[in-house]
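Heads up, the thing below is written out as C-alpha cells.
Counting convention: from 1, in listed order, for ligands and their atoms alike. Only heavy atoms go into these numbers, but all of them, side chains included; no hydrogens, no water, no symmetry mates.
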Amino acid sequence: MKTLRKQISLTILLTLLITIALIGLASNLLINREFEKYIAKTGQERRDNIADELESQYDEFKRSWKLDYVHAIGMNSLYDGYIIKLYDADGNMVWDAENHDMRLCGQIMNDISARMKERGAKGGFVDHTYELTQNGKKTGSVSIKYYGPFFMNEADFNFIRVMNIVLLVIGVLSSICAVVVGCVLGSRISRPVTKTAYIAKQISTGNYELKFEPGTRIKELDDLGIAINHLSGALSEQERLRKRLTADVAHELRTPLTALGSHLEAMTEGLWDATPERLKSCHEEVKRLGTLVADLEQLARIEGDSFCLKKGSMDLYSAVCQAAENMTGEINKKKLALSIKGEPVFVDGDKNRMGQVFSNLLSNAVKYTPEGGSIRISVSDIKGNGVVTIEDTGIGIRKEELPLIFERFYRTDQSRNRKTGGAGIGLTIVKSIVEAHGGTIVAESKEESGSCFTVSIPKSGS
Ligand code: ADP
C-alpha cells in the first residue's frame with residue numbers, strides 16, 4: 001500500500017507531466033507551423049530582393065552588367081542557399097554560380113537537402129525565373145534555384161533546437177517542483193493523519209492521555225483531530241465512571257456486610273446473646289442492603305434503553321402535596337415547619353415518577369434539616385414550565401460539592417459525618433427522571449444555612 005505522501009507526490013507529478021507534454025506538443029506544432037510559414041515568406045522576400053538587386057546592376061548607358069557587383073550578389077545569395085544564373089536580354093549567360101564554384105554549390109545544396117531530410121520535410125530543389133527590366137525595357141532574366149517550398153538555414157535550426165531545449169528544461173524543473181511540492185503537501189496532510197491514527201490506536205489500548213493539537217491549517221484535519229479528542233474524552237469519562245461505579249458499589253456493600261458478618265459471628269460463637277436488639281440491628285443492615293440494591297435496580301431501569309414514561313396530564317401541586325403527606329410522620333418527628341404555596345400546574349408527565357422525584361427531594365430536605373427547621377415548597381407556572389422549588393434550612397452543601405451531588409454514590413462530607421444513611425443514589429434518580437421529562441433540576445445552597453432545589457418541567461411535554 002502506498003503512503004499518502006507518495007500518492008499525492010505521484011498524482012501531482014503525473015498531472016504535471018501530462019500537462020507539460022500536452023503544452024509542449026501543442027506549442028511545438030503551432031510554433032513549427034507558424035515558423036515554417038514565416039520562413040517561406042522570408043524566402044520569397046529574399047528571392048524578390050535578389051532579383052531587385054540584380055536588376056539595378058545593369059548599366060543602361062554602357063548596355064552591360066556591372067559584373068563585380070553581380071558576382072558579390074551571386075556569392076552572397078549562394079551562401080544563403082540560392083543558386084543564381086543571370087542571363088542578358090538575348091538569353092546569353094552573364095553569371096552562373098555553378099560555373100563559378102561548382103564544388104561550393106554542390107556542398108551547399110547537399111547540406112540544405114540533408115538538413116531538411118533530417119527534419120522530415122518533403123521537398124526538393126526548384127527553379128524560379130524572374131524577368132529583369134529597366135525603364136520598362138527587358139534587360140535580362142535571373143533563374144534562382146532553391147530548396148522548395150522552403151528551407152531553413154543553420155540559425156533557423158538553432159532557434160527550433162533552443163526552443164525544444166527550453167521546453168525540456170521547463171519540464172524537468174516543473175517535475176522537480178512537483179515532487180518537492182507533493183512531498184511537502186503530502187507530509188503536511190499525512191503527518192496529522194498518522195498522528196490521529198496513532199492516538200486512535202492508543203485510545204483502543206486504553207491510553208487516553210495523548211491529545212491531538214489542532215493547527216494543521218487544514219480544516220478537515222483539525223476537525224478530525226478534535227473529534228478524536230472528544231472521543232477520547234468521552235471514553236475516558238466512561239472508563240472513569242465504570243471504575244468508580246465498581247469501587248462505589250463494593251464500598252457501599254462492604255459496610256453493612258462487615259457489620260452483619262461480625263454480629264452474626266459473635267452470636268454463633270456464643271460471645272453475644274442473640275437479643276432482640278442485636279437481631280434488630282442485623283435486620284437494619286439487611287434492610288440497608290435491600291434498599292441499596294433496589295435503588296441500583298431502579299437507576300439501571302431508568303437509565304436503560306427500554307425505560308419509558310407513562311405520560312399524561314398531571315398536576316405538580318397535588319403530586320407535591322401527596323409526597324409531603326407521605327412524609328408527615330418524619331416531619332412531625334423532627335418538628336419541622338412545612339409550608340406549601342402555589343396553584344395547580346398541569347404538565348405532561350409520569351405521575352408516579354414525578355411523585356418519586358418530590359419524595360426523594362423532600363426526604364433529603366427532612367434528612368438534612370436539623371430539628372425545629374423549616375421546609376418551604378412552592379409550585380408555579382413560569383414561562384410555559386411547571387416549576388417546583390423545595391427549600392430547607394438544613395446543613396447546606398459546600399459550593400465546590402454542588403456540581404457533584406447528582407453523580408451516583410456521591411455524598412457530601414457533612415452527610416457522611418452525620419451518618420444520615422443514604423447511598424447517594426437518590427439525586428441521580430431524580431435527575432434522570434426530570435431529564436427524561438425534558439426538564440431541568442438546579443441546586444442552590446449555602447453551607448449551614450440551607451439548600452434549594454428547583455425542578456422545572458415543560459408543560460407541553462418533550
Ligand atoms: P442520599 O441518599 O445520600 O441522600 P442523594 O443522592 O439523595 O443521596 O443526595 C446526595 C448527597 O447530596 C447527599 O448525600 C447529601 O450530602 C447531599 N444533599 C442532598 N440533598 C440535600 C439537602 N437538602 N441538604 C443538604 N445536603 C443535601
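Taking 4.0 Å as the cut-off between side-chain N and carboxylate O, K243 and E239 count as a salt-bridged pair. In this structure, R240 pairs ionically with E237, as a charged nitrogen and a carboxylate oxygen lie closer than 4.0 Å. A salt bridge does not link K333 with E330: none of the charged nitrogens is closer than 4.0 Å to a carboxylate oxygen. Look at E36 and R33 and you find no salt bridge, because none of the NZ, NE, NH1 or NH2 atoms lies under 4.0 Å from a carboxylate O. No salt bridge links D248 with R408; every basic N to acidic carboxylate O contact stays at or beyond 4.0 Å.
Residue L427 touches ligand 1 through backbone and side chain together, judged by heavy-atom distances below 4.0 Å. In E401, neither the side chain nor the backbone holds a heavy atom less than 4.0 Å from any atom of ligand 1. If you look at Y410 next to ligand 1, the close heavy atoms, those under 4.0 Å, all belong to the backbone. Residue-level proximity to ligand 1 for D392 is carried by the side chain, the only part with a heavy atom below 4.0 angstrom.
F453 counts as a contact of ligand 1, since one of its heavy atoms falls under 4.0 Å from the ligand. Ligand 1 has at least one atom lying under 4.0 Å from a heavy atom of G424.
The contact set between ligand 1 and I425, taken as ligand atoms under 4.0 Å from a residue heavy atom, comprises 6 (O), 8 (O). Set against the non-hydrogen atoms of G396, the atoms of ligand 1 under 4.0 Å away are 25 (C). When each atom of ligand 1 is checked for a heavy atom of K367 under 4.0 Å away, the hits are 1 (P), 2 (O), 4 (O). Near I397, meaning under 4.0 Å from one of its heavy atoms, ligand 1 places the atoms 18 (N), 25 (C), 26 (N), 27 (C). Close approach to I405 involves these atoms of ligand 1, each under 4.0 Å from a residue heavy atom: 10 (C), 12 (O).
Annotation: cation-pi geometry not satisfied between R115 and F157 (NZ/CZ under 6.0 angstrom from ring centroid, within 45° of ring axis).
Evaluated by nearest non-hydrogen atom to atom 14 (O) of ligand 1, the leading choice among E447, R411, R398, E391 is R411.
Between F125 and F151, the ring centre distance reaches or exceeds 6.0 Å.
D48 and Q44 share a side-chain donor-acceptor pair at under 3.5 Å.
Ligand 1 has a nitrogen or oxygen under 3.5 angstrom from a nitrogen or oxygen of S451. For ligand 1, the polar-atom distance check against T428 finds no nitrogen or oxygen pair separated by under 3.5 Å. Considering backbone and side-chain atoms together, I395 places no N or O closer than 3.5 Å to any N or O of ligand 1.
With a 6.0 Å radius and a threshold of 12 heavy atoms from other residues, nucleotides or ligands, E45 has its CD atom above the threshold.
The nearest pair of heavy atoms linking V184 to S187 is O-OG, 3.0 Å.
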